[in-house]
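The first residue of the sequence shown is numbered 1, and numbering continues consecutively from there.
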Amino acid sequence: MTKPTSVQPVRYVQYRNGVTSLVEEGRVISEASVSLTVNGIFWLSWMCTPMELEDLAVGFLFNEGIIQSIQEIEILRPCNHGDNVDVWLNHPVEKPLHWRKTSGCTGGMTSETAQQRTQPITNGDVFPAEKLLGWMEQMFDSQTLYSQTRGVHCSMLTDGEAIMAIAEDIGRHNTLDKIAGKLIRQSLQPTRRILLTTGRISSEMLQKAARIGAAILISRTSPTSLSIQLAEQYGITLIGYARRNQFNLYTHPQRVGITFPESITEQQPSVYPVSA
C-alpha cells in the first residue's frame, strides 16, 4: 500500500466560457480513512486529509479530555501506510462507551462526556474590529493546500500578535484537533488565544475551541443555534460571516473594540451585524 499524500493528481475536462479543454495536471485534496489506536485498542476512524496525523491524534485526545499534556504520551506512531496512528499513554484509560456523531464534514465523532470537561473562558482582552478582520485575511493568504486544490478547510490560532498554529483538512473539526495537537506537541502556551476558521461553527467546533482556550472564535461562515448557546455558556466571543469589512457578533461583545448604538446592549438580541 502506498502512503497517502495530502494532494492527489487528477486529469479532468474543464468547460469555461463555451470552450472545453483537457487539464492534464490537475490536483484534488486527498481524503483518507485513518484509525486511532490507544493503548493497543482501536478507538475510531477519521475521514481526513492524511497529513499532520500526530497533531490530529494528540489534539483529538486533548479536545476530548483524555489527556492534558504531552507528558502523558509514551509512544506516538503513525503506521508506515499512513492509515493508523498508534498512541500509547503512560496510564490506563477507558475507551468512551458511546461516540456521538457530529455535524462535522464527513461525520466527526466526539464522546458524550467531552463537554463536561471544558472550563469557561475568562480572558478579557479587547481587540479592534480591524485587527480581527486583518487576521482573517492573513489566514486566507496562508492557505497552502487551498491555493492548490480548493475544497479544504483551514483554521488558525493567533495570540493577537503572531500566528501560533495553522492547519488545513477536509474536515473543519479536524483542523481544530490539529491546532490543539500543535500547541501540546510544541509546548506553546499563548496567554491570549484567538481562533479563526473557514468552517461553519457547530456545537463540536465550539466545544473544541473552548478546550483550546480561545476567548474569541471567528468564522468565515455561520454558527448554529447550539453553538451560540455554548459560546454564551463558555464565555467565548463568537463572530460569524467575517469578510472584508464586516462580521456578525453573536456573544460576549466586550472583547471587540467597536461602538454600539445606544439601542443595543449585551442583553438584547444575540445576532447583530457589525461593519468595521
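Under the 4.5 Å side-chain heavy-atom criterion for grouping Ile, Leu, Val, Met, Phe, Trp and Tyr, Phe140 is connected to Ile163 within one hydrophobic cluster. At a threshold of 4.5 Å between side-chain heavy atoms, the hydrophobic network of Ile, Leu, Val, Met, Phe, Trp and Tyr places Leu188 and Ile121 in one connected group. Both Val93 and Ile41 belong to a common hydrophobic cluster when Ile, Leu, Val, Met, Phe, Trp and Tyr are linked at side-chain heavy-atom distances under 4.5 angstrom.
For the salt bridge (Lys or Arg N to Asp or Glu O under 4.0 Å) condition, the pairs that include at least one residue of residues 152-168, sequence neighbours left out, are Glu161-Arg192. For the side chain to side chain donor-acceptor pair (under 3.5 Å) condition, no pair includes a residue of residues 131-142, sequence neighbours left out.
Using a cutoff of 4.0 Å between basic side-chain nitrogens and carboxylate oxygens, Glu64 and Arg211 are not scored as salt-bridged. Contact check on Asp55 versus Arg185 returns a salt bridge, with a Lys/Arg side-chain nitrogen under 4.0 Å from an Asp/Glu carboxylate oxygen.
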Show the atom names and distances, to 0.1 Å, of all donor-acceptor pairs under 3.5 Å that link a side chain in residues 72-79 to residues at least two apart or in another chain.
from: Glu72; atom 1: OE1; to: His91; atom 2: NE2; distance (Å): 2.8
from: Glu72; atom 1: OE2; to: Gln68; atom 2: N; distance (Å): 2.6
from: Glu72; atom 1: OE2; to: Ser69; atom 2: N; distance (Å): 3.1
from: Arg77; atom 1: NH2; to: Asp86; atom 2: OD2; distance (Å): 3.0

Got a list of side-chain donor-acceptor pairs under 3.5 Å for residues 16-23, not counting sequence neighbours?
none

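Judged as a side-chain hydrogen bond (donor to acceptor under 3.5 Å, both in side chains), and not counting sequence neighbours, the contacts of Asn84 are Ser35, Thr37. Considering only residues two or more places apart in sequence or on other chains, Thr175 meets the side-chain hydrogen bond (donor to acceptor under 3.5 Å, both in side chains) condition with Ser155.
In this model, no donor atom of one side chain and acceptor atom of the other lie less than 3.5 Å apart for Arg193 and Thr158.
With respect to Arg255, the side chain to side chain contact (heavy atoms under 4.5 Å, CB included) criterion is satisfied by exactly one of Thr237, Ile194, Ile239: Thr237.
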